[in-house]
Amino acid sequence: MAENEDLYAAQSSEPDTVTEITPKSEDFSRWYIDIVRRAELGDYTPVRGCMVIRPYGYALWENSRDRLDARLKATGHQNAYFPMFIPESLLKKEAEHVEGFAPEVAWVTHGGDEPLEERLAVRPTSEAIICSLYSKWVKSWRDLPLLINQWANIVRWEKVTKFFLRTLEFLWQEGHTVHATEQEAEEETLRILEIYRDFMESDLAIPVITGLKSESEKFAGALRTYTLEAMMGDGRALQAGTSHNLGQNFAKAFNIRFEDQDQQLKYAWTTSWGVTTRLMGALIMAHGDDKGLMLPPKVAPYQVVIVPIPGKHFTESVLPAARSLQDMLTAEGFRVHLDAREEYTPGWKYNEWELRGVPVRAEIGPRDVGKGQAVLVRRDNREKAFVPLDQIPDEVRALLDSLQQSMYDRAKQFMGDQTRQVSDYETFGEIMSGPRGFIEAGWCGDSDCENTIQEETRATIRCLPSGREAPAGSCVRCDNPAKHLAIFAKAY
RNA sequence: CGGGGCGUAGCGCAGCCCGGUAGCGCACCUGCUUCGGGAGUAGGGGGUCGCUGGUUCAAAUCCAGUCGCCCCGACCA
């Protein structure tokens with residue numbers, strides 16, 4: 001092995017700098033934008049606030065989407081597609097709902113040159129259009145539960161935008177379900193929350209805190225909103241998904257009624273829930289480093305990139321060996337890319353694919369061909385391993401598993417390190433103006449107190465975490481007793 | 001939407017103050033030599049200076065407006 005290390009130009013002792021990317025520590029926001037563009041995840045467009053998701057970024061979204069979609073189908077949900085236009089009168093049926101979304105609705109007022117009799121909202125979310133149809137489809141208790149999901153685009157006229165995190169148009173899934181009882185609706189809301197949590201942690205390797213939103217943060221028109229909060233590399237919180245128990249609010253507004261087994265006509269209970277392309281931003285900000293992206297193996301567009309090393313007998317021996325390695329790994333079910341471009345040097349390719357976050361790199365050169373082996377290098381710590389060809393699939397599998405786990409562990413450790421228990425308001429303020437992160441503190445439950453904290457510290461209540469008791473003593477800001485344990489943070 | 005900053009080649013920037021032939025680095029194209037951690041060399045291509053209007057013999061440069069992007073807020077997935 002020592003011989004190998006000498007022969008194969010050891011791991012670089014150079015600092016991990018990529019000239020095209022601003023260091024994370026220097027300017028986190030710039031670092032983020034640099035990665036999105038340089039890794040070709042997305043780009044600006046001629047349309048304000050609207051991004052293009054480029055093929056590499058879209059592949060990442062597709063892989064994520066497919067894995068979540070499988071979980072939703074496995075729990076009895078079916079996909080459908082509803083119109084993107086919502087007549088104004090329909091949107092106005094649920095008062096809180098329209099009030100919450102009105103400021104950011106895009107309106108269609110003309111068809112060609114003809115003014116419309118009633119203007120159409122471009123959906124900012126689909127409760128209104130979907131519930132209007134559910135009122136036709138739900139007649140009997142036998143029709144319930146109704147479990148439908150749609151993958152769609154959404155438009156919200158945001159004032160300030162940021163790649164993936166907040167764009168005028170974005171992609172998401174939105175589930176809309178109807179149930180016979182309050183309990184069944186609550187069970188569904190929590191079932192989805194758990195599906196999201198498992199998806200975030202198992203697939204995206206991003207640990208989350210789940211819990212209830214405060215009244216002021218809950219979805220417009222909901223009874224209650226559950227959320228998943230993740231921590232980004234700069235100590236700010238990102239709402240990664242929400243699951244709403246809508247109670248009977250929408251059923252009453254849209255007249256979704258069914259005749260129950262006791263022959264009584266009853267209003268149904270509904271839920272809605274969604275996650276968006278924002279999660280691609282979360283992947284960048286939770287895992288990336290100064291070398292660029294670091295993608296969890298389960299959703300990475302390429303799990304393995306093969307870099308053949310040119311030499312004297314490149315086309316006769318090394319390239320065929322690289323192709324054969326590609327075929328072998330593809331046959332084993334891995335997502336593999338062979339970078340056989342001759343205009344770039346191996347060193348350039350190493351940096352390039354690290355920037356793009358590929359979990360495992362396989363190098364194969366003249367010396368490897370002679371020895372019947374390849375060099376495997378993992379993205380996170382760049383450890384090299386010299387592996388005989390017949391053991392490569394097993395070794396790749398092990399590396400991907402290990403990487404998936406260690407990425408989660410690292411993010412979990414970071415979130416833990418950046419979470420602080422605070423009981424006095426002065427310390428609260430110092431943390432929020434300094435290192436940020438999550439603060440666990442007692443809260444009296446009063447929204448005025450919540451608003452004051454936000455005005456004074458910029459921190460909001462991200463959630464009231466599930467299964468956690470209120471701490472003894474008073475609210476972190478006022479003298480009233482703490483009713484809840486709350487997670488505070490500055491949020492995206 | 002309020003405060004601040006920035007728009008010049010694909011990216012990063014200089015030139016602007018003091019108006020007069022649009023430049024640099026990287027990237028890109030071609031040849032040759034290279035290739036195990038961002039190769040060397042010799043050639044080469046690419047920009048009506050965000051947009052609109054004004055001042056002027058003459059505008060990247062001065063003036064006005066407008067659009068976009070970034071940061072800090074308000075709002076939000």
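Just so it is clear, the model here is predicted, and its values are computed rather than measured. The chains referred to below are lettered A, B, ... by the order of the sequence lines, with proteins before strands, and numbering in each begins at 1.
None of A:L204, A:D66, A:L279 except one satisfies the side-chain contact (heavy atoms from CB on, under 4.5 Å) rule with A:V299; the exception is A:L204.
Remark: C1' of B:C67 and OH of A:Y44 are 15 Å apart, rounded to the nearest angstrom. Taking atom CZ of residue A:R236 and atom P of nucleotide B:C72, one finds them 6 Å apart after rounding to whole Å. Rounded to an integer number of Å, the gap from CZ of A:R54 to C1' of B:C11 is 12 Å. Atom CH2 in A:W348 sits roughly 17 Å away from atom C1' in B:G36 (whole-Å rounding).
On the C1' atoms, B:C17 is 9 Å away from B:U61, given to the nearest whole Å. With both ends at atom C1', the span from B:U34 to B:G45 equals 24 Å, rounded to whole Å. Taking atom P in both B:G73 and B:G36, one finds a spacing of 46 Å when rounded to whole Å. Rounded to a whole angstrom, the distance from the C1' atom of B:A42 to that of B:G47 is 25 Å. To the nearest whole angstrom, the two C1' atoms, one in B:U41 and one in B:C49, are 33 Å apart. Between the P atoms of B:G50 and B:G44, the separation comes to 28 Å (whole Å). Rounded to the nearest Å, the gap between the C1' atom of B:G20 and that of B:G37 is 49 Å. Across the C1' atoms, B:A9 and B:G5 are found 24 Å apart, a figure rounded to whole Å.
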Under-3.5 Å N/O pairs linking protein and nucleotides 74-76 of chain B:
{"from": "B:A74", "atom 1": "OP1", "to": "A:R458", "atom 2": "NH1", "distance (Å)": "3.3"}
{"from": "B:C75", "atom 1": "OP2", "to": "A:Q454", "atom 2": "NE2", "distance (Å)": "3.4"}
{"from": "B:C76", "atom 1": "O2'", "to": "A:E158", "atom 2": "OE2", "distance (Å)": "2.9"}
{"from": "B:C76", "atom 1": "O2", "to": "A:R166", "atom 2": "NE", "distance (Å)": "2.3"}
{"from": "B:C76", "atom 1": "O2", "to": "A:R166", "atom 2": "NH2", "distance (Å)": "2.9"}
{"from": "B:C76", "atom 1": "N3", "to": "A:R166", "atom 2": "NH2", "distance (Å)": "2.7"}

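A:T227 comes within 4.0 angstrom of nothing in the nucleic acid, heavy atoms only. Within 4.0 Å (heavy atoms only), A:R341 reaches no atom of the nucleic acid at all.
Remark: B:G12 base-pairs with B:C24. Criterion, Watson-Crick or G-U wobble with two distances under 3.5 Å. Summarising the base pairing, B:C18 is matched to no nucleotide, lacking a Watson-Crick or G-U wobble pair whose two defining distances lie under 3.5 Å.
A cation-pi arrangement is absent between A:R356 and A:Y302, since the terminal nitrogen or guanidinium carbon is not both under 6.0 Å from the aromatic centre and inside a 45° cone about the axis.
Residue-to-nucleotide proximity on RNA chain B shows that, of A:E169 and A:E354, the 5′-proximal contact is made by A:E354. Taking the nucleotide of RNA chain B with the nearest heavy atom to each of A:D27 and A:V369, the more 5' of the two is matched to A:V369.
Contact of A:R37 with B:G10 (side chain to base): no donor-acceptor pair of N or O atoms is detected under 3.5 Å.
For A:K162, a side-chain nitrogen or oxygen approaches OP1 or OP2 of B:C71 to under 4.0 Å. Considering only side-chain N and O atoms, A:Y344 lies nowhere under 4.0 angstrom from the phosphate OP1 or OP2 of B:G36. Checking the phosphate oxygens (OP1, OP2) of B:G38, no side-chain nitrogen or oxygen of A:T345 falls inside 4.0 Å.
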